[in-house]
Amino acid sequence: MRLLSILTIVILVLSLGAREGDPGAPGEPVPSAKPQATTETHAKVTGVYTSILEFASRRALDDAIKSDPSFLMDKHKKAMATIDDQAGLKLAHDAGFNTLFMTIYPLWGRDWYDIPAGRELVRDAIKRSRDSGFKVHLGLSLFNAWFCQDPSKYKGASRTIQCDGTRPTWVCFFDDELWKTYIKNATEMAQIGKEAGGVQGLFVDPEAYGPEEYLCFCPNCITKFNAYAHEQMPTNLVKPDAWLHAHNLWDKYTKDWHDHEVLRHANDLRDAVHAIDPHLQLSSLLWDYPVAVGTGDARQQYFRMLAVGLGTTEQPAWTLPEHTYYSDAADLARIINQINTDLGALHARDKVKILPGLRILRQPAATLADRAKVIHDTDVPGYWLYELADLSPSKGIIDFEGAAVDPLPDYINALHEMNEKLSK
Ligand SMILES: [Zn+2]
């Protein structure tokens with residue numbers, strides 16, 4: 001649901017160049033998301049999804065463009081050359097957000113942390129945001145082409161094999177070396193957050209921007225399954241699902257073992273990040289896939305296990321659902337309730353909190369007040385808006401996503417009012 005929007009960041013950063021003004025302090029102080037916070041527990045997170053490109057300074061952007069070794073694609077350099085480095089701060093301030101959910105796009109899949117200008121781009125975007133009064137959660141997309149399209153990047157990794165033996169070109173989503181790379185990125189992000197004065201949290205995005213490989217039957221997975229289940233499943237089957245069904249092991253493989261693996265990787269990432277900074281709030285996007293809600297498919301289960309695996313009773317993770325984007329207030333309340341029910345069924349109510357995603361598109365600006373009331377009256381830490389670019393006049397309309405139905409300033413004003421109420 002965000003692939004197109006990643007592309008539209010380029011449009012946004014170009015369009016924001018038309019905006020003028022100084023960044024200001026974004027209003028009231030907000031509560032720490034740290035679990036030990038006790039004094040401001042009624043204030044909510046009012047977050048907005050964005051990227052480092054919209055908050056880095058002109059100097060950091062230019063240094064990144066000129067960097068040798070180069071770590072950016074030409075299209076990124078071109079777009080970055082024209083960014084107005086005040087525009088993102090001003091827009092986020094005008095709408096009154098207290099928190100930025102800032103991805104490190106376009107750095108994923110690269111060793112950006114070993115390149116001075118890459119490291120500085122992230123550090124600088126965090127520092128500027130903090131200096132303007134925003135809390136920052138730094139984000140990483142997991143299953144994109146830059147990380148996944150070349151399995152040979154990961155020692156011993158296999159390309160995925162699907163249940164009927166089909167072989168997409170991307171790497172297995174459960175691969176240990178792939179997850180070591182995610183953990184390396186996450187720990188570098190945690191480290192750089194410290195260097196920049198502190199970030200509130202890290203979030204990961206498990207949506208597949210390519211083949212969906214939430215079940216895998218590659219030789220590495222089968223070997224690990226055999227060790228887990230004390231079975232002897234062959235690794236060279238023409239059609240793995242036939243063997244699993246014939247041996248009555250389909251559920252054991254696709255549910256028990258897959259859950260176990262996602263939890264294992266998520267736990268490892270969580271522990272590695274907390275070894276750097278024990279207070280960081282961990283989050284993951286998606287609880288259900290928005291156009292396949294409640295189907296119980298492997299994709300949904302991967303999302304859920306990831307969120308559960310990032311949390312502990314002492315320090316719950318946040319799930320950032322997206323099937324709330326276009327909800328009115330009643331639907332938003334219903335979904336929050338449903339996710340709590342889902343969490344109860346997983347015995348994970350105490351490990352995961354819900355931070356629903358909202359969007360301005362398709363709904364009148366006036367609905368934001370009603371949606372804010374649900375956020376206010378429900379036991380959720382806050383909400384996040386997808387995305388800052390939606391508030392920019394030059395983003396353009398993506399046909400299948402729909403459009404704003406009121407003038408954009410109406411939404412910015414409504415958000416400001418809503419955010420002020422929620423962050424008190
Ligand atoms: Zn595999």
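Keep in mind that what you see is a predicted model, and the values were worked out from it rather than measured.
W287 and D342 form a side-chain donor-acceptor contact under 3.5 Å, judged by distance and modelled atom types alone.
Side-chain atoms of H274 never come within 3.5 Å of backbone atoms of H279 as a donor-acceptor pair (strictly under, hydrogens ignored). Listed for the S132 side chain is a donor-acceptor partner under 3.5 Å among the backbone atoms of R128. With hydrogens and angles ignored, the 3.5 Å screen pairs no side-chain donor or acceptor of D297 with any backbone N or O of A292. N419 places no side-chain N or O within 3.5 Å of a backbone atom of T46 that could act as its donor or acceptor partner. In this structure, the side chain of W384 engages the main chain of L355 through a donor-acceptor pair within 3.5 Å. In terms of modelled atom types and a separation under 3.5 Å, the side chain of R159 and the main chain of R167 share a donor-acceptor contact. No donor-acceptor distance shorter than 3.5 angstrom exists from the side chain of S67 to the backbone of D63, with no hydrogens or angles considered. Looking at S70, its side chain never comes within 3.5 Å of a backbone N or O of K66 through a donor-acceptor pair. Under a 3.5 Å cut-off, the side chain of K153 and the backbone N or O of G109 do form a donor-acceptor pair. With hydrogens and angles disregarded, a donor-acceptor distance shorter than 3.5 Å links the side chain of N226 to the backbone of M233.
One finds no salt bridge joining E207 and R299 here, because no Lys/Arg side-chain nitrogen approaches an Asp/Glu carboxylate oxygen to under 4.0 Å. Residues E120 and R59 are paired through a salt bridge, judged by an N-O separation under 4.0 Å between the basic side chain and the carboxylate. No salt bridge links D74 with K78; every basic N to acidic carboxylate O contact stays at or beyond 4.0 Å. Ion pair K90/D94 flagged as a salt bridge, since at least one NZ, NE, NH1 or NH2 atom sits closer than 4.0 Å to an Asp/Glu carboxylate oxygen. At a threshold of 4.0 Å, the pair D131-K127 counts as salt-bridged, since one of the basic side-chain nitrogens sits closer than that to a carboxylate oxygen. Electrostatic pairing of D288 and R304 counts as a salt bridge here, judged by a charged N lying under 4.0 Å from a carboxylate O.
For M305 against D259, the heavy-atom pair with the smallest separation is CG-OD1, 3.5 Å. Heavy atoms only, all atoms of each residue included: K44 and T378 are closest at NZ-O, 2.8 Å. In plain terms, the two heavy atoms of I52 and I104 that are nearest each other are CD1-O, 3.6 Å. What you find for E54 and L388 is that their closest heavy atoms are OE1-CD2, 3.4 Å. Considering every non-hydrogen atom in both Q363 and S327, the closest pair reads NE2-C, 3.7 Å. Pairing each heavy atom of H258 with each of L215, the nearest pair is NE2-CA, 3.4 Å.
Note that CZ of R359 and CG of L361 are 4.5 Å apart. Values are rounded to the nearest 0.5 Å. Atoms CD1 and OG1, from I183 and T181 in turn, are 9.0 Å apart once rounded to the nearest 0.5 Å. Atom CD of residue Q338 and atom CD1 of residue I354 lie 10.0 Å apart, to the nearest 0.5 angstrom. Separating the OH atom in Y49 from the CG atom in D205 is a distance of 5.5 Å, to the nearest 0.5 Å. The CH2 atom of W146 sits 8.0 Å away from the OG atom of S141 when rounded to the nearest 0.5 Å. Put simply, CG on L306 and CD on Q301 are 11.5 Å apart, with the number rounded to the nearest 0.5 Å.
Taking the six-membered ring for Trp and thresholds of 30 and 60 degrees, F303 and Y214 have ring planes more than 60 degrees apart, a perpendicular arrangement. Between F173 and Y302, the ring-plane angle classifies as perpendicular under the 30° and 60° cut-offs.
Counting heavy atoms from C-beta outward, H137 and V199 have side chains that stay 4.5 Å or more apart. With a 4.5 Å cut-off on side-chain heavy atoms, I375 and L332 count as touching. Within the 4.5 Å cutoff, side-chain heavy atoms of L269 are placed close to those of L310. L53 has its side chain within reach of Y105: a pair of non-hydrogen atoms, C-beta onward, lies under 4.5 Å apart. Residues R362 and V405 have side chains not in contact (no heavy-atom distance under 4.5 Å, counting atoms from C-beta outward). Annotation: side chain of R270 is in contact with side chain of T312 (closest heavy-atom distance under 4.5 Å). In this structure, the side chains of N220 and D175 come closer than 4.5 Å at one or more pairs of heavy atoms. Taking 4.5 Å as the limit, some side-chain heavy atom of W112 sits within range of a side-chain heavy atom of E188.
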Exercise for the section: Please step through salt bridge (charged side-chain N to carboxylate O under 4.0 Å, His left out) for the pair K351 and E314, ending with a clear verdict. Expected result: CA-CA 8 Å; K351 285 189 175 177; E314 298 73 33; over 6 Å; no
* Asked: Passes side chain to side chain donor-acceptor pair (under 3.5 Å), W170 versus D150? Steps please.
  -> CA-CA 6 Å; W170 281 24; D150 179 10; over 6 Å; no
- Report the C-alpha separation of K395 and D390 in whole Å, then their side-chain angles, then the decisive distance to 0.1 Å, and conclude whether the salt bridge (charged side-chain N to carboxylate O under 4.0 Å, His left out) test is met. CA-CA 7 Å; K395 179 189 172 183; D390 277 351; 2.6 Å; yes
Just do the salt bridge (charged side-chain N to carboxylate O under 4.0 Å, His left out) check on R58 and D62 with the steps written out, would you?
-> CA-CA 6 Å; R58 188 67 261 153; D62 286 338; 2.9 Å; yes
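In this structure, F217 has its ring center closer than 6.0 angstrom to the ring center of Y253. Between H265 and F174, the distance separating the two ring centers is not shorter than 6.0 angstrom. Ring to ring, F101 and F203 are close: their centroids are under 6.0 angstrom apart.
Shown here is D251, whose CG atom has more than 12 heavy atoms of other residues, nucleotides or ligands within 6.0 Å. Counting heavy atoms of neighbouring residues, nucleotides and ligands inside a 6.0 Å radius, atom CG of D377 exceeds 12 of them.
Stacking of K184 on the aromatic ring of Y113 is recorded, both the 6.0 Å distance cut-off and the 45° axial limit being met.
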